[in-house]
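Here is the structure we will look at.
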Amino acid sequence: MHILILGGTTEARALAGLLDGGVRVTSSLAGRVASPRLPAGEVRIGGFGGADGLAAWLREHTVDAVIDATHPFAERISFNAARAAATAHVPLLALRRPGWVPVDGDRWVSVPSLDAAAGALDGLGDRVFLTTGRLGLATFADRPEWFLVRSVDAPDAPMPARTEILLDRGPFTLDGERELLARHRIDVLVTKDSGAAATAPKLTAAREAGIPVVVVHRPPAPEGVPTAATPEEAAAWALRV
C-alpha cells in the first residue's frame, strides 16, 4: 500500500511517523522552506505541475490514497489535490487541525483576507507584530506602521518601509512571546488562523497585554473531501483504505 502525504506541517510529520513501517509512505514538500524538517519515509520536494501533473504522478507511482496535510492556508494545493484525486480515482482525506477559538478577554478583529487585515490596522496601533509568514508582505508595503515580521526564512521585497525581520521557527513559549511583545512595544498582532498549538502562545500573550489581534479567516476547503482533526484519525483512515 502506498500513501502520499501532502505535507510540510507538524501534523504531516507526525502522520508519516505513525504510518512509516506499516505501509509505504511518500511525503511531498512544497520546497518553500530552505531547511525543512524531514518526516519519516520517502520524501519528494517540489510541485507537481498542477492538478493534472499530480493526477499523473498518482497513477505513475501507484498511490492508493492521498492525505492532504498541508497548511490550512495552502488553498491552491488543496483544490489541486481534490481535482487530481478525483481524476485518478484515488481516495483523499484532508487532515485539518482545528482553528483557534476566542476566549474571554480576547480583542479579535476577524477579517477574510490579508488585504482586509491591512485595512483593519487603521487606528489599532503603530507597532505591528506580523506573523502571517514571509509571503504576502507586499499587501502591507504601503502601510505607515512599524512592523516586526517573524518567519522561518528571510522574506523578499516588497515589504513595509519600517520593518524588522525576526527569523525564528516554532514552537514558541508563552514566556518568550510575552517578552517579545514587551521588548518591541507591540500594540497590535496580525496572524492567520493556522490553529497550531505551537504558535498559539502569542494569542495568550496578546490577551494578557490587552493587545488587539487581527485574525485572517481560513480559506474554504474543497467540497466533498472528508476531514480528520488529528494524525491518529488520519492514520486510522489510511489503514482502513
Side-chain angles (χ1 to χ4, degrees), residues 1-99 112-114 133-136 152-153 192-196 198 216-241:
M1 187 177 191
H2 187 191
I3 306 294
L4 174 66
I5 300 174
L6 303 176
T9 61
T10 300
E11 291 79 11
R13 290 190 295 275
L15 175 60
L18 290 172
L19 292 175
D20 184 49
V23 298
R24 180 186 175 192
V25 179
T26 300
S27 294
S28 177
L29 309 181
R32 291 178 177 174
V33 176
S35 300
R37 294 172 177 169
L38 298 181
E42 302 174 32
V43 177
R44 69 174 301 280
I45 296 178
F48 291 94
D52 292 340
L54 175 54
W57 197 94
L58 296 178
R59 295 192 189 99
E60 179 184 352
H61 293 83
T62 319
V63 172
D64 297 289
V66 180
I67 300 178
D68 173 14
T70 56
H71 193 276
F73 283 81
E75 185 176 10
R76 178 177 297 178
I77 185 59
S78 293
F79 277 87
N80 283 345
R83 179 180 160 192
T87 299
H89 304 289
V90 173
L92 170 67
L93 177 78
L95 173 54
R96 290 289 179 266
R97 65 181 77 131
S113 65
L114 284 179
R134 66 186 181 89
L135 302 178
V152 175
D153 293 321
K192 294 177 178 178
D193 180 16
S194 65
V216 182
H217 294 166
R218 295 180 178 187
E223 293 184 6
V225 177
T227 62
T230 67
E232 291 77 13
E233 291 178 17
W237 174 88
L239 296 178
R240 287 197 303 271
V241 169

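Since the model is a prediction, treat every value here as computed from it, not as a measurement. In this chain, numbering begins with 1 at the start of the sequence shown.
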Decide yes or no for Leu58 and Thr87: does some side-chain heavy atom of the first lie under 4.5 Å from some side-chain heavy atom of the second?
no
Quick one: closest heavy-atom pair of Leu95 and Glu11, and the distance?
CD2-CB, 3.8 Å
Exercise answer: donor-acceptor pairs, residues 229-240 side-chain atoms, under 3.5 Å, sequence neighbours excluded:
residue	atom	partner	partner atom	Å
Thr230	OG1	Glu233	N	3.1
Glu233	OE1	Ala229	N	3.0

How about Thr70 and Arg96: do any of their side-chain heavy atoms sit closer than 4.5 Å?
yes
So do the side chains of Leu15 and Ile3 get within less than 4.5 Å of each other, counting heavy atoms only?
no
Hey, does Trp57 have a side-chain heavy atom less than 4.5 Å from the side chain of Ser28?
no
Going from CG on Leu93 to CD1 on Ile5, what distance comes out if it is rounded to the nearest 0.5 angstrom?
10.5 Å
Lys192 and Leu114, any side-chain heavy atoms less than 4.5 Å apart:
yes
His71 vs Phe73 aromatic rings, parallel, tilted or perpendicular, using cut-offs 30° and 60°?
tilted
Hey, does Thr9 have a side-chain heavy atom less than 4.5 Å from the side chain of Arg97?
yes
Closest heavy-atom pair and its distance - Pro222, Ser78:
CG-O, 3.6 Å
Working to the nearest 0.5 Å, report the span between OG of Ser113 and NE2 of His217.
10.0 Å
Val225 versus Asp68: any side-chain heavy-atom pair under 4.5 Å?
no
Just checking Arg44: does its CZ atom have more than 12 heavy atoms from other residues, nucleotides or ligands closer to it than 6.0 angstrom?
yes
Run the side-chain contact (heavy atoms from CB on, under 4.5 Å) test against Asp64 and tell me which residues pass, sequence neighbours left out.
Met1, His2
